[in-house]
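Accompanying notes for the structure given below.
All values below come from the heavy atoms of this structure, side chains included, with hydrogens, waters and symmetry mates left out. Keep in mind the model is a prediction, meaning the values are calculated, not measured. Lettering of chains follows the sequences in order, A, B, ..., and the numbering in each one begins at 1.
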There are 2 protein chains.
Amino acid sequence: MKATIYDIAREAGVSIATVSQVINGKGKISEERRNEVMRIMERLNYQPSVIASALTGKRTFTLGLLVPDISNPFFAEIARAVEDQSRRLGYSLVICSTDNKDERVERYLSLLRQKSVDGIIIGTGIDNEDIIKPLLTQSIAIALIARDMPALAVHTVVVEDFKGGALGAEHLLKEGHHRVAVLAEHPKVSSSRERVRGFKSVVEAAGLPWSEESVKSCDYTLEDGKRKALELLKLTERPTALFCCNELLAIGALQAAKELKLRIPRDVSVIGFDNTILASVSDPPLTTIAQPIEAMGKKVVDLLVEALQDKSAAAKAERIVLEPELIIRQSTSSIQV
Amino acid sequence: MKATIYDIAREAGVSIATVSQVINGKGKISEERRNEVMRIMERLNYQPSVIASALTGKRTFTLGLLVPDISNPFFAEIARAVEDQSRRLGYSLVICSTDNKDERVERYLSLLRQKSVDGIIIGTGIDNEDIIKPLLTQSIAIALIARDMPALAVHTVVVEDFKGGALGAEHLLKEGHHRVAVLAEHPKVSSSRERVRGFKSVVEAAGLPWSEESVKSCDYTLEDGKRKALELLKLTERPTALFCCNELLAIGALQAAKELKLRIPRDVSVIGFDNTILASVSDPPLTTIAQPIEAMGKKVVDLLVEALQDKSAAAKAERIVLEPELIIRQSTSSIQV
DNA sequence: TTGAAAGCGCTACCAT
DNA sequence: ATGGTAGCGCTTTCAA
């Protein structure tokens, strides 16, 4: 049986109140008593029950993280960043893969509430924002990462997607590309929409032709990215560069180009987005727009935990927008004349 | 404020005992009372507190998963499989990245205990097995995944590493390779050792020369894999095939070969291990030894949860050994004469 | 079929 | 400086 606070108290010949004090470093306990109690806790391998403590109104020191799929490298890296900062601040992390299904989101949210987690970080797309509204009334803090839900007053950490798209376009234009196309995610994904908007704005500002036909929406798979890239690359007026809204799509594009015996970047340049491990292992390594994943993870946790301990901080909803960064590798080059 | 069982009871004009009964579907409650109570729970958006329930001796329905690094694709995929099955069985998953540091393992183990998780799945290497011994006495169930600790009587799910290594060697020999080398993980990693042993056994059985020099130990990085592969490929008696104990190393090998202007698989064949997403996005896609990741994740959870509910099952330590499978892609070919 | 009450392990307030 | 004790929200006898 696990030792309880009573065992310690009995063994030390003090009251449980005293033991509780030394555990929490509160109140006034004499040096010797304190040492004696600590020695006994050690000897009995005593560990206070977070469960019991939480029941008295204290925190559970547990956070929930909702992502579409923890096995997707981007979210796996986000999770690592979030976990690291959580650990530093004394929190554990419950991960929840939603596959972007609202039903799953609802289920997980309800579960996390029943388990009295102190806060929830949402990094998954949600079709119906009303799903999380009820939570705002509860005593659970909420924060968003890599997702934007302007309609909701919650802490949010995102990268400046519009600028990321613009960065990609600028790079390509500087290299002399005129015919560019885009592999986007589903139109309902706001980050993808923004990236495309940013990309387009630069292309148009440069006075280059732009047609909605050159933007292909893909589902979440590499295969679909490849398929859509093939369509694009088979056009008679073949684009000389492809901007992809995530790295799975970019790798699909790479594969499509190879299948068509196009050399990269000589015949076609490809830009990715996220800068996950995939960008560095692909062949050629991907030029990509990096999201500062580690900083983002750290920041949401900071925001969330701050809101937990500070009533006033909890009230306002901060919105942190981090800078995307162009990472040049070998999948892009100046156009060959 | 969140509604409690008291609120429901008061509202329904019954005792909390009755409410508890309907929540748990126990005891004999008349149809009408039950419906009435359920209606009120619905209306008040009541969700029973797992915390409080756990304090009375019930489970927390939470499992812990220890892995070296959740951002490593192999473990991310393991985590997904474990999470899926946990969810199906009604459990949440707390993830813990240990970076293979014993100190971190200890810290997490103690944390999970304080939080009264029902079980812990360990997929991380541990130098000092004594660290987890104390847990065995506790009321926390333990199971191992992709790790072997023969000294410990705990449920274990692994792939047959020896056979995996053998499979790799057989494939290479069948393709006519005579000079083969190996990129291994740190010698302390038992799975890697077994893979090398299996590989070697086949090579020797075929009467081919084998020297310990042809096995290079690498740390956990792609870079080190590349470095060690370079050493091997620069030998005058250059190996025609490389067997790598994980996919990061295999990709390092691919990069090394390219740097030396060697064509793959024409000049050098490369085999990986795990069959993660990396194997399918690399160029060329990797021939690899697949671990049945999904089946492994499902199985540990089944084992663990079974042990939780069934005293007798908890006693014995099952050891499940799953079959590795050779997946042929494009990084290997018969030797060119 | 229903309810009263003890208790799970801990915190915090109030006495002493 | 230390201890008694009333909860926290729920489960589970045991009575009625």
* Nearest to the side chain of A:Thr18 - D:dG9, C:dG9, D:dG3? -> D:dG3

For atom [atom1] of [X] and atom [atom2] of [N], their distance in whole Å:
X	N	atom1	atom2	value
A:Asn35	D:dA1	CG	P	15 Å
A:Met41	C:dG9	CE	P	17 Å
A:Glu32	D:dA1	CD	P	12 Å
B:Arg10	D:dC10	CZ	P	12 Å
B:Asn24	C:dT2	CG	P	16 Å
B:Glu31	C:dT1	CD	C1'	13 Å
A:Gln21	C:dC10	CD	P	14 Å
A:Leu55	C:dG7	CG	P	17 Å

* **Given DNA chain D, 5'-ward residue of the pair A:Ala17 and B:Lys58, judged by closest heavy atom** => A:Ala17

* Structure fact -> The residue, A:Ser53 or B:Ser15, whose nearest nucleotide of DNA chain C is more 5′ is B:Ser15

* To do: Name the residue closer to the 5' end of DNA chain C, choosing between B:Ser30 and B:Thr56 according to the nucleotide with the nearest heavy atom.
  => B:Ser30

Hey, does [X] reach any base, or is it just sugar-phosphate, or nothing, if we go heavy atoms under 4.0 Å?
X	value
B:Ser20	base
A:Val19	nothing
A:Ile16	base

Check this one for me: any side-chain N or O of [X] less than 4.0 Å away from OP1 or OP2 of [N]?
X	N	value
B:Lys28	C:dT2	no
A:Arg33	D:dA1	no
B:Lys26	D:dT11	no
A:Tyr46	C:dC10	yes

Are a donor atom and an acceptor atom from the side chains of [X] and [Y] found within less than 3.5 Å of each other?
X	Y	result
A:Lys115	B:Ser92	yes
A:Asp69	A:Tyr220	no
B:Asp148	B:Ser190	no
B:Gln47	A:Ser110	yes

* Asked: Do A:Ile126 and A:Ile132 come close enough that some side-chain heavy atom pair is under 4.5 Å?
  -> yes

* Does the base of C:dC10 carry an N or O that pairs as donor and acceptor with the side chain of A:Tyr6 under 3.5 Å? -> yes

